[in-house]
Amino acid sequence: MELIFLGTGTSQGVPMIAQPEGGCDMEDPRNWRTRTSIHVEMGGDHIQVDAAQEFRMQCIRNGIETIDSFILTHPHADHILGMDDLRRFCDLKGGVALPVYSSEAGLQRIREIFPYAIMDKPMVKGYPAFQLETMPEVLELPGGRVESVYLPHGPMQVLGLVFTEKESGKKLAYFTDCKEVTEEARDLAAGADVVVLDGLRPKPHPSHMTVREATEVATELDPRLAYLTHMTFMVDHAATEATLPDRVHLAYDGLRVGW
């Protein structure tokens with residue numbers, strides 16, 4: 001199994017418009033963050049989770065050449081607005097629709113933003129086509145399964161995802177954009193090799209976990225490795241990483257984790 005962090009920032013990531021004084025050391029390339037998404041290779045299957053506005057450049061920079069299915073965790077702008085660039089992966093699949101999974105709210109927003117893509121095959125060569133499916137509790141794929149659970153994100157519910165590779169049993173839990181990790185989600189994540197958690201900033205936020213809250217959850221789940229993602233300009237990589245316990249790290253754009 002391989003996890004690629006395509007982006008680890010937010011709409012107030014780094015650098016941000018009118019970058020404030022202080023904060024991140026811009027000489028450290030790990031502080032240059034595009035908006036959050038991941039790419040997972042599991043038993044030969046390639047699953048893309050979310051597509052930010054920078055999705056096209058994220059794919060080019062990370063050499064992403066195959067996507068077999070796409071999962072939208074929730075329909076906020078920084079997770080959905082890059083989906084038009086999935087068009088290239090429809091071409092690479094021979095001009096067929098790409099399976100797209102999300103909540104009912106996510107699917108409805110896709111219909112509203114990309115009505116031209118809701119069809120069995122692209123309208124013309126080079127256009128996107130999405131085969132929309134409600135994300136099930138357990139999505140069975142040739143390379144393994146993806147279990148889903150809803151997590152609170154302000155008034156919205158976000159999909160938390162747990163990937164288990166069929167052949168090896170390797171396990172990844174991905175919980176971005178959430179205020180807490182529920183007991184149900186913790187049960188699903190039990191025994192995960194790698195856990196990824198929303199760690200927005202040091203200060204409290206009404207719909208995201210802070211770095212400290214995410215670190216506490218990571219410690220309680222006790223995976224082999226834990227990574228924090230979806231960070232604002234308030235989180236300097238080197239300074240924050242130095243405060244974290246063993247086996248808990250900050251992710252950064254382009255980080256690849258294989259196990």
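Note that these values count all heavy atoms, side chains included, but never hydrogens, waters or copies made by symmetry.
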Check: residues 62-72 side-chain donor-acceptor pairs under 3.5 Å, at least two apart:
{"unit_1": "Asn62", "atom_1": "ND2", "unit_2": "Gln58", "atom_2": "O", "d": "2.8"}
{"unit_1": "Asp68", "atom_1": "OD2", "unit_2": "His46", "atom_2": "N", "d": "2.9"}

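The shortest non-hydrogen separation linking Tyr101 to Thr134 is CD2-O, 4.3 Å. Contact between Gly160 and Leu151 at its shortest, heavy atoms only, is CA-CD1, 3.8 Å. Considering all non-hydrogen atoms of both residues, Ala185 and Phe175 come closest at O-CZ, 3.7 Å. Listed here is the closest heavy atom pair of Ala129 and Pro122: CB-N, 3.5 Å. Between Pro202 and Val235, the shortest heavy-atom contact is CD-CG2, 4.1 Å. For the residue pair Thr232 and Arg33, the shortest heavy atom distance occurs at O-NH1, 3.1 Å.
One distance of note links OG1 of Thr176 with CG of Leu159; it measures 11.5 Å at 0.5 Å rounding. Atom-to-atom distance recorded for Gln131:CD and Cys90:SG is 10.5 Å, nearest 0.5 angstrom.
Ring planes of His230 and His208: parallel class, angle under 30° (limits at 30 and 60°). Note: His237 and Tyr252 have perpendicular aromatic rings, judged against thresholds of 30 and 60 degrees for the angle between ring planes.
At distances below 3.5 Å, at least one donor-acceptor pair connects side-chain atoms of Arg87 with backbone N or O atoms of Gly126. Panel note: side chain Arg111, backbone Phe114; no donor-acceptor pair is recorded below 3.5 Å. Proximity of a side-chain donor or acceptor of Glu165 to a complementary backbone N or O of Gly144 within less than 3.5 Å is not detected. In this structure a side-chain-to-backbone donor-acceptor pair under 3.5 Å is present from Ser148 to Pro136. Judged by distance alone, with hydrogens and angles left aside, the side-chain atoms of Lys166 form a donor-acceptor pair with the main-chain N or O of Pro142 at under 3.5 Å. Side-chain N or O atoms of Arg186 include none that pairs as donor or acceptor with a backbone N or O of Leu221 at under 3.5 Å. Side chain of Asp50 to backbone of Thr36: no donor-acceptor contact under 3.5 angstrom is found. Panel note: side chain Lys170, backbone Trp259; a donor-acceptor pair is recorded below 3.5 Å.
Contact of the Leu228 side chain with the Met209 side chain is not registered, since no non-hydrogen atoms from C-beta on lie closer than 4.5 Å. For the pair Phe130/Met83, a side-chain contact is recorded, criterion being any heavy-atom separation below 4.5 Å from C-beta on. In this structure, the side chains of Gln53 and Asp78 come closer than 4.5 Å at one or more pairs of heavy atoms. Contact of the Glu220 side chain with the Val181 side chain is not registered, since no non-hydrogen atoms from C-beta on lie closer than 4.5 Å.
Each side-chain hydrogen bond (donor to acceptor under 3.5 Å, both in side chains) pair with one or both residues in residues 3-18, not counting sequence neighbours, appears once here: Thr8-Asp253. Residue pairs meeting the salt bridge (Lys or Arg N to Asp or Glu O under 4.0 Å) criterion with at least one member in residues 129-144: none, sequence neighbours excluded. Contacts classified as salt bridge (Lys or Arg N to Asp or Glu O under 4.0 Å) and involving residues 92-108 (residues at least two apart or in different chains) are not found.
Remark: Glu41 pairs with no residue by the side chain to side chain donor-acceptor pair (under 3.5 Å) rule, at least two apart or across chains. The side chain to side chain contact (heavy atoms under 4.5 Å, CB included) test applied to Ala192 returns Lys171, Ala173, Val195, not counting sequence neighbours. Residues satisfying the side chain to side chain donor-acceptor pair (under 3.5 Å) criterion with Ser207, sequence neighbours excluded, are His205. Qualifying side chain to side chain contact (heavy atoms under 4.5 Å, CB included) partners for Met26, counting only residues two or more places apart in sequence or in other chains: Val14, Pro15, Cys24, Trp32. Scanning for side chain to side chain contact (heavy atoms under 4.5 Å, CB included) contacts around Glu180 gives Pro152, with sequence neighbours left out. With sequence neighbours left out, Arg247 forms a side chain to side chain donor-acceptor pair (under 3.5 Å) with Asp222. With sequence neighbours excluded, the residues that form a side chain to side chain donor-acceptor pair (under 3.5 Å) with Tyr116 are Asp84. Not counting sequence neighbours, the partners of Ala226 by the side chain to side chain contact (heavy atoms under 4.5 Å, CB included) test are Ala218, Pro223, Val248.
Side-chain contact, Asn31 with Asp236: a donor N or O sits under 3.5 Å from an acceptor N or O. Looking at His74 and Asp177, their side chains do bring a donor and an acceptor atom within 3.5 Å of each other.
A salt bridge does not link Glu241 with Arg30: none of the charged nitrogens is closer than 4.0 Å to a carboxylate oxygen.
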(message) Checking Val40 against Tyr174 for the side-chain contact (heavy atoms from CB on, under 4.5 Å) test, could you report, in this order, the C-alpha distance in whole Å, the side-chain angles of both residues, the deciding distance, and whether it holds?
(response) CA-CA 11 Å; Val40 179; Tyr174 184 68; over 6 Å; no
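Around CD of Glu167, the count of heavy atoms belonging to other residues, nucleotides or ligands within 6.0 Å does not exceed 12. When the shell of 6.0 Å around CG of Asp187 is examined, it contains more than 12 heavy atoms from other residues, nucleotides or ligands.
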